[in-house]
Colleague: 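Below: one structure in structure tokens.
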Amino acid sequence: MKLVFERSVSGRSNDFIPALDVEKVELPESFSRKQDLRLPEISQVDMSRHYTELADNSFGVNNGFYPLGSCTMKYNPKINDEMANLPNFGQIHPLQPIDTVQGSLEVLHTAETLLGEITGMDAMTFQPAAGAQGELTGIMLIKAYHEDRGDFKRNKIIVPDSAHGTNPATASMVDYETINIPSKDNGRVDLEKLKEVVGDDTAGLMLTNPSTVGLFEHDIIEITEIIHNAGGLCYYDGANLNAIMGTVRPGDMGFDVVHLNIHKTFSTPHGGGGPGSGPIGCKEILMPYLPNNHVIKVGDRFEFETAEKTIGSVKTFYGHFAVVVRALTYILFLGKEGIPQASRTAVLNANYMRHELKDYYDMAYEGPCMHEFVMTLDKLKKETGITALDVSKALLDNGMHPPTMYFPDVVKEALMLEPTETESKETMDKVIKVFKEIYETAHENPQAIKDAPVNTIIKRVDETQAARNPILTYQF
Ligand SMILES: *Cc1c(COP(=O)(O)O)cnc(C)c1O
């Protein structure tokens with residue numbers, strides 16, 4: 001398709017920008033631009049067609065099934081956007097006097113109270129822009145806690161081998177060394193191995209529960225106790241909260257600090273749609289170090305509080321406020337009954353698909369799963385030459401987004417599926433049928449799978465080329 005610059009015709013314009021109605025100010029010479037601004041010159045209808053074409057070329061939950069494991073691509077109810085677009089939320093400025101935006105501060109305060117209840121945490125900050133930045137903030141709190149106590153020898157963060165890549169990346173950004181602990185054959189943390197590596201140099205543990213392979217850590221209380229007994233703190237990666245929200249709480253499992261991926265669990269757009277929001281919640285012991293702009297209620301009024309030994313700001317102002325409005329809408333809409341019902345349905349849906357597919361595709365782990373499950377296509381690859389990537393390409397031909405591939409990397413030829421609670425049985429049945437057909441074609445005519453996708457605008461691409469030599473800017 002043509003880029004918007006290629007649709008541009010010199011002199012053609014669009015008159016929807018209102019005329020200047022304030023006094024014109026001459027800028028100092030040093031601020032004025034040296035080159036003409038290159039904006040596309042395009043009529044309204046051509047612009048509208050341009051964006052429609054872009055939308056047609058992309059795929060989201062509004063197009064079809066999107067089982068991207070660990071990412072919780074659930075449907076985002078439209079009422080969330082309606083609330084975020086209310087003028088009193090959408091058209092305020094972060095530097096406005098707080099007496100004029102009390103309602104917005106109340107949104108942050110209410111979201112903190114409700115998310116605190118869901119996670120079992122005492123306080124929360126909404127500054128982090130997404131999960132990965134939440135991790136960074138959380139581990140900075142852990143570091144501030146140890147150092148504040150004069151404990152400088154703790155330089156290690158323990159992370160299971162199935163962890164999301166952002167966990168070890170976070171640890172090293174905060175100058176910690178990552179210690180990997182292997183999982184047992186059943187996918188769970190190996191307690192003996194954990195006891196071997198824990199010590200007085202342990203700053204903390206980073207874990208998600210259910211784990212990145214969709215399994216609940218039954219020994220979670222013992223795990224967090226082992227860390228606490230060694231003087232470390234426990235960090236909960238909240239990306240999998242969709243499996244347990246309203247049922248069990250990270251705070252009760254012994255975690256001291258958690259991040260939430262609001263754009264995953266609490267139904268705000270993501271996957272190119274962003275921005276996200278990765279608030280963190282913490283227990284009382286970490287509250288003195290919280291980032292700036294924590295909302296508190298004093299009498300009838302909402303104010304910002306600066307924590308006593310704050311780590312400072314990790315993002316400007318209050319983070320991505322409009323995303324929090326969407327999440328709060330979702331939580332209030334579902335209510336106390338709807339929240340646990342959503343996670344139970346998510347778990348039921350995953351188990352239904354797992355059960356229907358297990359006679360065709362090998363499951364990486366035994367027994368029921370939580371909200372997602374991992375298949376291993378190693379045997380299929382040996383029998384037919386068809387890989388997890390090939391199956392994913394074939395799925396594209398059937399109007400669905402592929403699952404997460406090759407993650408976690410402890411599983412060979414991994415495909416991780418997370419249908420989420422918002423998919424109907426009819427949709428899942430259609431997808432199950434597609435998976436079975438692909439399995440059969442892989443055995444009967446593997447070349448057809450190797451050639452996929454054939455129904456998409458872009459056919460099979462050279463993945464290496466795309467990753468190594470991406471062209472990301474437009475050259476005039
Ligand atoms: C998505 C995810 C993250 C990172 O979160 P972002 O919001 O994408 O920055 C961290 N851990 C796990 C397990 C995830 O699935």
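Both counts, for ligands and for their atoms, begin at 1 and track the order of listing.
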Colleague: Please tell me whether E413 and Y406 have a donor and an acceptor in their side chains that are separated by less than 3.5 angstrom.
Modeller: yes
Colleague: Can you tell me how the ring of Y235 sits relative to the ring of H259, calling it parallel under 30°, perpendicular over 60° and tilted otherwise?
Modeller: tilted
Colleague: Considering residues at least two apart in sequence or located in another chain, which fulfil the side-chain hydrogen bond (donor to acceptor under 3.5 Å, both in side chains) criterion with S267?
Modeller: N80
Colleague: More than 12 heavy atoms of other residues, nucleotides or ligands under 6.0 Å from CG of D185: is that the case?
Modeller: no
Colleague: Begin with the C-alpha distance, continue with both residues' side-chain angles, and end with the deciding distance and a verdict on side-chain contact (heavy atoms from CB on, under 4.5 Å) for R460 and L389.
Modeller: CA-CA 11 Å; R460 186 76 74 118; L389 177 75; 4.2 Å; yes
Colleague: Considering only heavy atoms from C-beta outward, does the side chain of I432 approach that of Y360 to under 4.5 Å?
Modeller: no
Colleague: Every pair of nitrogen or oxygen atoms between ligand 1 and the protein that is under 3.5 angstrom apart - can you list them with their distances to 0.1 Å?
Modeller:
from     : atom 1 : to   : atom 2 : distance (Å)
ligand 1 : 5 (O)  : N261 : ND2    : 2.8
ligand 1 : 7 (O)  : G131 : N      : 2.7
ligand 1 : 7 (O)  : N261 : ND2    : 3.0
ligand 1 : 7 (O)  : H263 : NE2    : 2.7
ligand 1 : 9 (O)  : G131 : N      : 3.2
ligand 1 : 9 (O)  : A132 : N      : 2.8
ligand 1 : 11 (N) : D237 : OD1    : 3.3
ligand 1 : 11 (N) : D237 : OD2    : 2.6
ligand 1 : 15 (O) : S70  : O      : 3.0
ligand 1 : 15 (O) : S70  : OG     : 2.5
ligand 1 : 15 (O) : K264 : NZ     : 2.8

